[in-house]
Amino acid sequence: FQVFFSATSGQTLSSPSLIVNPTKGVVGTPSTVAGNGFKPSSLITLQYDGATISTPTSNSTGGFSVSFGIPKSTSGSHVISATDGATTLTKTFKVVAKITETPVKAKVGTVVSITGTGFAANSQITVTFGGSAISTNPTTVTTDSTGSFGASYSVPNMPAGTKYTVQAIDASGNSAK
């Protein structure tokens with residue numbers, strides 16, 4: 001059994017590697033994927049859950065770096081892969097749920113819009129205000145296939161000047177405050 005290695009121009013060959021930073025966050029999180037040891041000056045196909053997100057060209061030593069925002073996706077682990085056609089490496093990124101409210105501060109009776117990302121797909125959402133479920137519009141809030149939703153609620157009658165936490169929870173237990 002014989003193994004032959006060759007390098008040209010004094011290049012050192014290294015094992016391919018892939019780094020994703022960060023590895024956890026909400027939809028839209030800026031993420032950088034860096035690779036080394038891929039085929040030099042080759043097209044790299046970078047995918048998120050099988051969908052191509054970028055096609056950089058590796059440098060003369062097989063390295064590359066790409067930054068992108070995490071696309072709409074459900075809560076949990078998602079596969080990020082890089083391939084040059086001969087080598088394919090994968091890493092995971094964990095999406096966590098997030099909600100956004102507009103306005104952030106409101107008086108009793110004010111209608112507040114609430115949107116969420118990173119929840120389970122096609123899941124019913126319960127919105128709580130100060131730990132108690134509240135009525136929403138639409139009455140039944142359900143996420144789409146990417147784990148996103150939109151709804152509104154009226155601020156319930158509470159003592160003035162008191163801060164309350166709003167939380168959204170899906171049927172799988174994913175939640176965001």
Side-chain angles (χ1 to χ4, degrees), residues 1-102 113-127 138 141-151 167-177:
F1 169 116
Q2 292 181 324
V3 177
F4 295 95
F5 291 95
S6 67
T8 59
S9 305
Q11 291 178 332
T12 302
L13 300 177
S14 61
S15 296
S17 64
L18 188 66
I19 297 170
V20 175
N21 187 30
T23 58
K24 179 181 178 182
V26 298
V27 168
T29 295
S31 185
T32 300
V33 178
N36 286 302
F38 286 79
K39 284 195 291 189
S41 305
S42 295
L43 184 70
I44 305 294
T45 301
L46 192 62
Q47 294 185 325
Y48 182 90
D49 281 348
T52 300
I53 53 174
S54 185
T55 53
T57 299
S58 62
N59 62 24
S60 62
T61 60
F64 69 91
S65 181
V66 173
S67 295
F68 67 98
I70 296 298
K72 282 189 176 182
S73 41
T74 58
S75 184
S77 293
H78 297 270
V79 175
I80 295 175
S81 66
T83 186
D84 61 11
T87 299
T88 301
L89 296 179
T90 62
K91 293 290 183 176
T92 58
F93 184 92
K94 183 176 181 183
V95 171
V96 294
K98 175 187 176 184
I99 59 171
T100 303
E101 297 175 274
T102 306
S113 294
I114 181 171
T115 58
T117 58
F119 288 85
N122 307 309
S123 181
Q124 187 169 334
I125 297 288
T126 300
V127 178
V141 179
T142 305
T143 60
D144 62 18
S145 62
T146 67
S148 301
F149 74 89
Q167 183 174 20
I169 307 161
D170 68 22
S172 297
N174 300 302
S175 67
K177 296 180 181 181

Side chain Thr83, main chain Gly85, donor-acceptor under 3.5 Å: yes
Donor-acceptor pair, side chain of Ser42 and main chain of Pro40, under 3.5 angstrom: yes
[X]: which residues meet the side-chain contact (heavy atoms from CB on, under 4.5 Å) condition with it, sequence neighbours left out?
{"X": "Gln124", "answer": "Thr140"}
{"X": "Val26", "answer": "Thr29, Val96, Lys98"}
{"X": "Thr90", "answer": "Val79, Ser81"}
{"X": "Ala51", "answer": "none"}

Least distance between heavy atoms, [X] atom then [Y] atom:
{"X": "Val66", "Y": "Ser54", "answer": "CG1-OG, 3.6 Å"}
{"X": "Thr57", "Y": "Ser41", "answer": "CG2-C, 3.8 Å"}
{"X": "Ile70", "Y": "Ser73", "answer": "CG2-OG, 4.2 Å"}
{"X": "Lys39", "Y": "Asp84", "answer": "N-OD2, 2.8 Å"}
{"X": "Thr74", "Y": "Gly147", "answer": "CG2-N, 3.9 Å"}
{"X": "Pro138", "Y": "Gly150", "answer": "CD-O, 4.1 Å"}

With sequence neighbours left out, write down each residue that passes side chain to side chain donor-acceptor pair (under 3.5 Å) with [X], or none if nothing qualifies.
{"X": "Ser58", "value": "none"}
{"X": "Thr102", "value": "none"}
{"X": "Ser67", "value": "Thr32"}
{"X": "Thr87", "value": "none"}

Test side chain to side chain contact (heavy atoms under 4.5 Å, CB included) applied to Val95 and Val27, step by step: CA-CA 7 Å; Val95 171; Val27 168; 4.1 Å; yes
Just distance, no hydrogens or angles: give the donor-acceptor pairs under 3.5 Å from side chains in residues 115-123, sequence neighbours left out.
{"from": "Ser123", "atom 1": "OG", "to": "Ala171", "atom 2": "N", "distance (Å)": "3.0"}

Matching residue for Ile114 among Val141, Thr100, Ile125, Ile99 - test: side chain to side chain contact (heavy atoms under 4.5 Å, CB included): Ile99
side-chain hydrogen bond (donor to acceptor under 3.5 Å, both in side chains) partners of residues 142-151, not counting sequence neighbours, each pair once: Asp144-Thr146, Thr146-Ser148
Ring pair (Phe, Tyr, Trp, His ring centres under 6.0 Å) contacts touching residues 65-102 (sequence neighbours left out): Tyr48-His78
Derivation and outcome, side chain to side chain contact (heavy atoms under 4.5 Å, CB included), residues Thr61 and Phe38: CA-CA 8 Å; Thr61 60; Phe38 286 79; over 6 Å; no
Side chain to side chain contact (heavy atoms under 4.5 Å, CB included) between Ile80 and Leu46, intermediate numbers included: CA-CA 7 Å; Ile80 295 175; Leu46 192 62; 4.2 Å; yes
Residue pair Gln47, Thr45: steps toward the side chain to side chain contact (heavy atoms under 4.5 Å, CB included) verdict: CA-CA 6 Å; Gln47 294 185 325; Thr45 301; 4.0 Å; yes
